[in-house]
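We use all heavy atoms of the structure for the numbers below, so side chains are in, but hydrogens, waters and symmetry mates are not. Model, not experiment: these values are computed from the prediction. Numbers here are sequence positions counted from 1.
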Amino acid sequence: MDLLRHLRHFVVVAHELHFGRAAELLGMAQPPLSQSVQRLERELAVELFDRSRRQVRLTTAGELLLGEAEELLAAEGRLRNLMHQVRAGALGVLRAGVPPETPAVTLRALLDRLTDRAPGLDVELHELTSGEQLRMLAERRLDVGLVHHPAATDGLRFGAPVDVPLGVLVPRSSPLARAREVELAALAGLDLVTAPRATAPGWHDHLLAVCAEHGFRPGRVRPARNPEFLFGLVLAGGGVAVEPATTARREPRIAWRPIAGAPLVKRTSAAWPERSAHPAASMFGQLAAEVLAETEPASSGPPVAPARRPWPVLFDEAG
């Protein structure tokens, strides 16, 4: 028995006290409505309406049931609305990964937009490298992440990518800081300070390949996990880093100069499991792309467009 359907029919008849008008409001014929109420009466073993007179009246049982039925139907509506919000990703917990170097202003903007879009969603942020995020996504210990490319695509969907041109970080006292832009070949023999390969293997290999292609073979590749350590190695002399312009803003003794021809861009996008994805994953990806595009400008000078795409487009921009 569909109890809720029969209760809905009963409530309309109880308010109208007329089966014909109630049937019109419900968009059904009168005989099926009468049968629905009769079945409810048989199920509850009571008479809900006094039909002995020309006017339909509620019995004592009917009056008592009306208040309970309205509360039950209202609770059903709240339950359906709650589950709709869960399906839409507006409620629940979203486990999201972000790179350790993500600027505070970017995190704040992303969290603010998530709160505006889904105020009931609990966003559980984790500071993780791309390698860690990809592993946790595969293990279903993370719902969505912001990863650097190239990256393994097996079993994952990607949001719209954001490309940020990279430049060279050098001490402001370096002769290289006097140039408007820097050729990669001019860095030959210097050490390259960059994140350890394990943090983003695809990106690390791509970076070294492009550097070699343009005449820069580092004397050594020196790993640096956090910006402060990276700045220290660069300021110590003999080493350079290849990073977005926003990285240099954290250290006034460091200068950022564009790379001639813009052969390197850092591509970032949201990634989430292709199957059984969290309902809010694509929304996170869309908002993250918007925030990254606004908070990661191309450079402090005129915008520099990437000369080419060093890897195929594998992204689902529709989310």
Side-chain angles (χ1 to χ4, degrees), residues 99-103 106 129-131 146-153 158 160-171 174 176-177 179-227 230-231 233-234 239-251 254-269 271 289 292-293 295-315:
E101 71 275 12
T102 305
T106 302
T129 67
S130 292
L146 283 179
V147 300
H148 300 314
H149 295 269
T153 60
F158 294 91
V162 175
D163 288 352
V164 178
L166 301 182
V168 178
L169 298 187
V170 295
S174 169
L176 292 170
R180 178 181 173 84
E181 60 181 20
V182 175
E183 297 276 353
L184 280 176
L187 307 177
L190 294 174
D191 293 345
L192 175 64
V193 184
T194 188
R197 186 179 185 278
T199 63
W203 164 249
H204 187 275
D205 295 345
H206 172 73
L207 171 63
L208 293 183
V210 173
C211 286
E213 181 184 339
H214 288 77
F216 174 32
R217 295 185 180 276
R220 286 185 299 172
V221 177
R222 308 184 68 176
R225 284 186 173 274
N226 64 73
L230 181 145
F231 294 148
L233 292 178
V234 171
V240 297
V242 177
E243 297 288 337
T246 50
T247 303
R249 295 175 186 170
R250 306 184 191 186
E251 173 51 69
I254 292 286
W256 183 90
R257 293 295 178 264
I259 301 172
L264 282 165
V265 295
K266 179 161 280 189
R267 170 169 285 189
T268 305
S269 76
L292 287 173
T295 60
E296 292 279 4
S299 70
S300 56
V304 180
R308 60 188 174 88
R309 290 290 184 267
W311 45 76
V313 176
L314 301 171
F315 305 92

| Closest heavy-atom contact between A200 and S130? | CB-CB, 3.9 Å
| Contacts of P100 that satisfy side-chain contact (heavy atoms from CB on, under 4.5 Å) - sequence neighbours left out | E127, T129
| Validation row: L192, R220 side chains within 4.5 angstrom (heavy atoms) | no
| field | side-chain hydrogen bond (donor to acceptor under 3.5 Å, both in side chains) partners of T194, counting only residues at least two apart | value | none
| What are the two closest non-hydrogen atoms of W203 and V265, and how far apart are they? | CZ3-O, 3.4 Å
| message | Working note: D163 + K266, criterion salt bridge (charged side-chain N to carboxylate O under 4.0 Å, His left out); need CA distance, chi angles, decisive distance, verdict. | response | CA-CA 6 Å; D163 288 352; K266 179 161 280 189; over 6 Å; no
| Contact summary for A212 and R217, nearest pair of heavy atoms | CB-NH1, 3.7 Å
| request: Quick one: list whatever passes side-chain contact (heavy atoms from CB on, under 4.5 Å) with A255, sequence neighbours left out. | output: V170, R172, A177, R257
| query | Of all residues at least two apart in sequence or in a different chain, which pass the side-chain hydrogen bond (donor to acceptor under 3.5 Å, both in side chains) check with R250? | reply | none
| field | Side chain to side chain, V242 and I259, heavy atoms closer than 4.5 Å | value | yes
| said: Is any side-chain heavy atom of V164 closer than 4.5 Å to one of L292? | reply: no
| said: Between V168 and W256, does the side-chain contact (heavy atoms from CB on, under 4.5 Å) criterion hold? Intermediate values first, please. | reply: CA-CA 6 Å; V168 178; W256 183 90; over 6 Å; no
| Minimum-distance pair of heavy atoms, taken over all atoms of F216 and V240 | CZ-CG2, 4.1 Å
| Residues which pass salt bridge (charged side-chain N to carboxylate O under 4.0 Å, His left out) with R225, listed by chain and number, not counting sequence neighbours | none
| message | Contact between V221 and H204 at the side-chain level, heavy atoms closer than 4.5 Å - yes or no? | response | yes
| task | Evaluate side-chain contact (heavy atoms from CB on, under 4.5 Å) for L190 paired with L176, printing each intermediate quantity in order. | result | CA-CA 12 Å; L190 294 174; L176 292 170; 4.2 Å; yes
| field | Donor-acceptor under 3.5 Å (H214 side chain, V210 main chain) | value | yes
| said: If I take atom OG from residue S174 and atom CD1 from residue I254, how far apart are they, to the nearest 0.5 angstrom? | reply: 10.0 Å
| request: Using the test side-chain contact (heavy atoms from CB on, under 4.5 Å), find all partners of A241 that sit at least two apart in sequence or belong to another chain. | output: L169, V193, L230, V234, E243
| field | side-chain hydrogen bond (donor to acceptor under 3.5 Å, both in side chains) between H148 and T268, intermediate numbers included | value | CA-CA 5 Å; H148 300 314; T268 305; 3.0 Å; yes
| field | For F158 against T153, the heavy-atom pair lying closest together | value | CE1-CG2, 3.7 Å
| said: Testing the basics here: between L184 and C211, what is the closest heavy-atom pair and its distance to 0.1 Å? | reply: CD1-CA, 4.2 Å
